[in-house]
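In what follows, a structure is listed as structure tokens, so that the remarks can point back to it.
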Amino acid sequence: MNRKEIKIGLFGFGCVGNGLYEVLEKTPGMKAKIKRICIKDKTKLRPISSKHFTFDKNELLYDDDINTIVELIDDADAAYEIVKTALQNGKAVVTANKKMIAEHFEELLQLQKEYNVPLLYEAACCASIPIIRNLEEYYDNDLLESVEGIVNGSTNYILSKTVDENLSYTEALRQAQEKGYAESNPVMDTGGFDAKFKLLILIAHAFGVVVKPEEIFNLGIDKLGDLELGYAKEKGYKIKLIAYAEKTADGKIRSFVLPKFIKNTDKLFYVDDVFNGVKTKSYFSDVQFFSGKGAGAYPTASAVLSDISALCYDYRYEYKKLNSTDILECDSEIYLKIFLRHEIVYTKIFKSYFNEVNESYFNHEIGFLVGTISLSNLKIIAKWSNADSSIILFDLIDQETTHSLIQQEELEFELIA
Ligand code: HSE
């Protein structure tokens, strides 16, 4: 097969851009060369000669000799403008910017179609794990039931370090930043937003449904406290930030990002440090498990390199599963078993939002409730930010029990009416 020569215009020379440069240097077999690198910061010292750099994006975007733009900057809005212009100019694009993709998914699909150019973004989800191409190519059927995983390296690193090595949260976050794992605004990681953007991309390739970021509920690890960490330790659980999406038997998608208690019988229990892990469940093959480094220069650059290599063979996502009639399930049809830590002044009111409470504890200040709650009620509690509360998932309630809970609620509503 004839391999196309890839001439790259690279945007960004931070952690991943630099990593890509080095990885390309060490991969002599690749028919790919970086022609020019566009950077923003004029004062920063660079490890390679200044002749490689420009500060003018048009030198890359309008250079006919450059057939591929690799976008590795951390400003999602600027990235969007670069990617859009590149596609409009008929250039293939490789990007790692999950926020940008998640916020403009529909338009990026349209641009690829209109200008007949590929946009690849394997590095945007779980860095070194080739999950997008697997979902896109391997699970090309209706039998994929769910995708669940640890998809953010920084939060997994923080949770591993604070629990296993007793580092403070601030110190663990500082290390994640120093190692180049965290986003420039770390709330994107710790608040579960980065995981949500990745989940949105995974849902599109797994189930052919394009959702908007605001349609997926996310909580992060930033409110976790000693009570729930102690509870997890006592029961032999670990707390991990989990992204979950499931296609129900009637074709709806149930999805969220939440911290979750993980038992030692679950493969995700053993995914620590900066590693990510993704479980797919499908009708015949049952559970399969992918694992690999989820952040950092080389793991991310390796996925970018794989996309560049795929472009040599004219690879593109076909989005074969798109345009199905699936819809997101409304929140009132998702029930969860959760742990809620809260100030005791709120116990009575919070309890009233639960369908069932199985366990509770109080001291003179704080307490927790364990029980079943609908996602719509959980959202109400989560908004009560002055209540100093923290929410951890035990499990999603299965579809059969969910249907009986809905029937029970309808009956109670009729009795009151
Ligand atoms: N901040 C991201 C993470 C980088 O920690 O997973 C990789 O997408």
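Each ligand, and each atom within it, is numbered from 1 in the order the structure gives.
Looking only at protein heavy atoms, the nearest one to atom 5 (O) of ligand 1 is S154 OG, 2.6 Å.
Atoms of ligand 1 lying under 4.0 Å from at least one heavy atom of E183, given by number and element, are 1 (N), 2 (C), 4 (C). Contact atoms of ligand 1 toward K98: 2 (C), 4 (C), 7 (C), 8 (O) (distance under 4.0 Å to a heavy atom of the residue). Here is the list of ligand 1 atoms found below 4.0 Å of a heavy atom in D189: 1 (N), 2 (C), 3 (C), 5 (O).
E148 pairs in a salt bridge (Lys or Arg N to Asp or Glu O under 4.0 Å) with only one of the listed residues (K267, K260, K281), which is K260. Of the candidates L227, I392, L369, R341 forms a side-chain contact (heavy atoms from CB on, under 4.5 Å) with just one, namely L227.
Ring centers of H205 and Y317: under 6.0 Å apart, within the cut-off. Note: F269 and Y237 fail the aromatic proximity criterion, with ring centroids not under 6.0 Å apart.
At least one heavy atom of G294 sits closer than 4.0 Å to an atom of ligand 1. Contact annotation: K198 has at least one heavy atom less than 4.0 Å from an atom of ligand 1.
Looking at N152 against ligand 1, both its backbone and its side chain come within 4.0 Å, counting heavy atoms.
At under 3.5 Å, a nitrogen or oxygen of G153, whether backbone or side chain, sits near a nitrogen or oxygen of ligand 1.
Between I39 and F55, the shortest heavy-atom distance links the atoms O-CD2, 3.2 Å. The two atoms that bring A195 and A243 nearest to each other are O-CB, 4.4 Å, heavy atoms only.
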